[in-house]
*Asks:* 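Questions regarding the structure given below will be posed in turn.
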Amino acid sequence: MMTNKVWVFVDQFKGEALPASWEAIGEGLNLAGTMGGGVTALVFGKDAESVAQNALHYGADEVFFADDETLADYRAEPYVSLVSKLAKENPPEVILFPTTTRGREIAAMTAVDIESGVLVDVVALDVEDGKIVATRPVYAGKILTKVTCDARPLIITLRGRAFTKPEPDETRTGVVTKVNPALSSDDIATQVIEYTQAEGGVSLTDASVIVSGGRGVANNPSLTPPDGMDEKEAEIWRAQQGFKLVGDLAGVLGAALGASRAAVDADYIPYEHQVGQTGKVVSPDLYIACGISGAIQHLAGMRTSKVIVAINKDPEAPIFTLARFGVVGDLYDILPPLTEALRQRLGK
Amino acid sequence: MNIVVCVKQVPDSAAKVVVEEGHITWGDAPLVINPWDEYAVEAALQKAKEHGGKVTALGLGKEEETEALKHALAMGCNEAIMISDPALVRIDNLAAAKAIAAAIRKMDEVDLVVFGKQAIDSDTGMMAAQVARLLGLPALTLVSAIPALDPDSKTIRVVRSIEEGKQVVEGKLPAVISVGKDYGEPRYPSFMGIRKAARATIPVWGLEDLGIEAPSPVVLWSEVMNPPVRDVTTEIIEGETPKEIAEKLADKIMAEKVI
Ligand SMILES: Cc1cc2nc3c(=O)[nH]c(=O)nc-3n(C[C@H](O)[C@H](O)[C@H](O)COP(=O)(O)OP(=O)(O)OC[C@H]3O[C@@H](n4cnc5c(N)ncnc54)[C@H](O)[C@@H]3O)c2cc1C
Ligand SMILES: Nc1ncnc2c1ncn2[C@@H]1O[C@H](COP(=O)(O)O)[C@@H](O)[C@H]1O
């Protein structure tokens, strides 16, 4: 076994790694550059051989690979116990995780086992005088903090899309070391009964382009809903017409579909799509907000987007203060020709 | 059923939070119950009603920071307890988790511990997992529904929201769960509840009551800063017709080279 000082946990689901894992390997390599050595990837699962290979392609030179039935469906206990066991046997300096639902949880629990600290949801890492200093947003991004921790191994989770994803190189090779699970199935107190996949489409947190709709999508008085609908049904029907336009634009851009909380709470669209403080925090290259006022809790979820475009009838809407481009107008008028214009330019 | 729900007091989500002279301040914005914890209280109250039993709201903070606990009482929790000790000021997540775990150990026969998804001030989202690990209990996090719970056979079945969809997981009681917004709207405090909460005395547990040493923090916030000002000049796209505006906007977006 080699003794790399930097480990990266690769978060995979059913043989598919989440992109933030590769970003973490990229940042792991930067960190390893300051400490000497390479990056060791941790890949756990069942039939996840290709993920282990990919970890090498993305830059790890060693993989601790556990392939076992008990690791097939994610459950915290077997994953955490194995990370802790490896970290106790052969302690690294740093273990990086992507800030995914699983990454955050395993990081938190591993810290208990190895009595260390977690620097969570970090957006920048620096080494100052040999000391690791992480930058992370708190108070929904209203404040940035610099955080440090002297305990080792230090656990850090990295926010998705805050670090560059390296280019994979299929010629790159390394050592894949098989490791045994730390727990047997009798030791695990939870059981996965069932799994239902989310409807297809681009995932919000990985998306480089997001098109979002707010309460404004329901506001088109000239639409006549089908007969026999009560007021609430008619409103939802209108909103669906509006979200169709938002969805068409998202389709042309290969974008994920977002929403404000007002749109979610009014049952226009499921909660999975909510962007903001009590939804998902996103950071795409392009964010197009349609019929969204830009309340502080919404801005908290998308303020770090690179280019923001706002379409809103109200020139005073706060969303315009963050927008690079704004259109003061009705989304029902603007979206169809905008979708068409972009379709032409993108040759779709 | 003995249910504990952990609630934190935080500045209102609409508050303007800034760094002034090296310190974080939110002016005179009100302190409220952490928004995620309202969902946790709702879940706890529903389960207590279905299966009988009581709900204890548990907070950790300064002695006078009782706003979240009062809100939980007003929503219908039976009791509230505050963990407070001078040695617990400025601690990190793991140290806080140790104090909360010690308090839960001190209560007898807790069947279910409920957390919110995340505290909107420190934004860590790790407490449920860490307390579960400290107590040696299963952690069922990001719960959007609890389709089955049986205090007799001591089992719980939850639906978890993960990146890829929904996962149905079963575990043994006692268990630790964290609850998300997709659980469903939390109730408003009733008038009677508010009156009851206003009159309630909330016992305070210090380190001595918990029987633990002061846990020492390892994670330090060495500096707090206002985020860099986003220097955008907003360009409003105008035109005679929607088509003209759309064409101009499409050109501008293309020129940014983000698609
Ligand atoms: C604790 C807490 C947490 C919250 N978390 C979140 C969160 O995570 N995410 C979130 O989004 N919100 C969140 N909110 C809610 C937030 O405060 C706002 O209420 C919400 O964002 C408003 O959504 P909206 O912009 O769609 O609706 P509105 O504020 O009603 O705005 C609708 C906008 O659409 C425009 N409009 C109307 N018709 C048209 C049309 N035809 N064409 C173009 N424009 C049109 C209007 O001018 C208006 O600006 C939270 C609130 C609280 C208290
Ligand atoms: N000081 C505290 N007092 C009571 N509960 C807390 C405290 N801090 C965190 N929690 C609980 O833990 C959850 C997650 O918080 P955190 O891990 O700090 O983001 C919150 O939603 C609360 O339920």
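So you know, we letter chains A, B, ... as the sequences are listed, proteins then strands, and number each from 1.
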*Asks:* For A:Gly141 and B:Pro227, work out which heavy atoms get closest and say how close.
*Replies:* O-CG, 3.5 Å
*Asks:* Check each atom of A:Leu253 against the heavy atoms of chain B and say whether the ones under 4.5 Å are side chain, backbone, both or neither.
*Replies:* side chain
*Asks:* Side chain, backbone, both or neither: which part of A:Val309 has an atom under 4.5 Å from a heavy atom of chain B?
*Replies:* side chain
*Asks:* Is it true that B:Lys243 and A:Asp333 have a side-chain N and a carboxylate O under 4.0 angstrom from each other?
*Replies:* no
*Asks:* Quick one, B:Asn93 and A:Val118 - any side-chain contact, counting heavy atoms below 4.5 Å?
*Replies:* no
*Asks:* Identify the two heavy atoms, one from A:Leu342 and one from B:Met254, that lie closest to each other, and give their separation to 0.1 Å.
*Replies:* CD2-SD, 4.0 Å
*Asks:* Under 4.5 Å from any heavy atom of chain B, what part of A:Ser81 do you find: side chain, backbone, both or neither?
*Replies:* both
*Asks:* One thing to verify: whether B:Asp251 and A:Arg345 come together as a salt bridge, which I'm taking to mean a side-chain N less than 4.0 angstrom from a carboxylate O.
*Replies:* yes
*Asks:* Output the distance between atom CG (B:Asp123) and atom OH (A:Tyr139), rounded to the nearest 0.5 Å.
*Replies:* 9.5 Å
*Asks:* Let me know if A:Gln197 has heavy atoms under 4.5 Å from chain B in its side chain, its backbone, both or neither.
*Replies:* both
*Asks:* Inspect the contact between A:Arg102 and B:Glu164 and indicate whether a charged nitrogen and a carboxylate oxygen are less than 4.0 angstrom apart.
*Replies:* yes
*Asks:* Is a side-chain N or O of A:Arg324 found less than 3.5 angstrom from the main chain of B:Thr233, in a donor-acceptor match?
*Replies:* yes
*Asks:* From B:Ile245 CD1 over to A:Leu338 CG, what is the distance, rounded to the nearest 0.5 angstrom?
*Replies:* 10.5 Å
*Asks:* Considering heavy atoms only, which positions within residues 105-116 of chain A lie below 4.5 Å of chain B?
*Replies:* A:Glu105, A:Ala108, A:Met109, A:Ala111, A:Val112, A:Asp113, A:Glu115, A:Ser116
*Asks:* Quick one: does any side-chain atom of B:Arg230 pair with a main-chain N or O of A:Thr321 as donor and acceptor, under 3.5 Å?
*Replies:* no
*Asks:* Test your reading of the model: is there a side-chain donor-acceptor pair from B:Thr234 to the backbone of A:Ala323, 3.5 Å cut-off?
*Replies:* yes
*Asks:* Below 4.5 Å, heavy atoms only, C-beta onward: do A:Gln277 and B:Trp36 meet side chain to side chain?
*Replies:* no
*Asks:* If I measure from the heavy atoms of chain B, does A:Leu204 come under 4.5 Å with its side chain, its backbone, both, or neither?
*Replies:* neither
*Asks:* What's the spacing between A:Thr100 OG1 and B:Glu163 CD if we round to 0.5 Å?
*Replies:* 5.0 Å
*Asks:* Between A:Thr148 and chain B, which part of the residue has a heavy atom less than 4.5 Å away: side chain, backbone, both or neither?
*Replies:* both
*Asks:* Could you look at A:Val120 and say if it's the side chain, the backbone, both or neither that has a heavy atom under 4.5 Å from chain B?
*Replies:* side chain
*Asks:* Measuring heavy-atom distances to chain B, does A:Gln274 have an atom under 4.5 Å in its side chain, in its backbone, in both, or in neither?
*Replies:* side chain
*Asks:* What part of A:Phe325 lies closer than 4.5 angstrom to a heavy atom of chain B: side chain, backbone, both or neither?
*Replies:* both
*Asks:* Pick one of side chain, backbone, both or neither for A:Asp265, based on which atoms fall under 4.5 Å of a heavy atom in chain B.
*Replies:* side chain
*Asks:* Kindly compute the distance separating CZ (A:Phe13) from CD (B:Gln167), expressed to the nearest 0.5 Å.
*Replies:* 6.0 Å
*Asks:* How far apart are the closest heavy atoms of A:Gln297 and B:Ser13, and which atoms are they?
*Replies:* NE2-OG, 2.8 Å
*Asks:* Report which part of A:Arg303 has an atom under 4.5 Å of a heavy atom belonging to chain B: side chain, backbone, both, or neither.
*Replies:* backbone
*Asks:* Compare all side-chain heavy atoms of B:Ile236 with those of A:Val327 and state whether any distance is below 4.5 angstrom.
*Replies:* no
*Asks:* Once you round to the nearest 0.5 Å, how far does CD of A:Glu272 lie from NZ of B:Lys166?
*Replies:* 5.0 Å
*Asks:* When rounded to the nearest 0.5 angstrom, what distance separates CD1 in A:Ile143 from CG in B:Asp121?
*Replies:* 11.0 Å
*Asks:* Can you give me the closest heavy-atom contact between B:Ser122 and A:Val138, atom names plus distance?
*Replies:* O-CG1, 3.7 Å
*Asks:* With a 4.5 angstrom heavy-atom cut-off, is it the side chain or the backbone of A:Thr157 that approaches chain B, or both, or neither?
*Replies:* neither
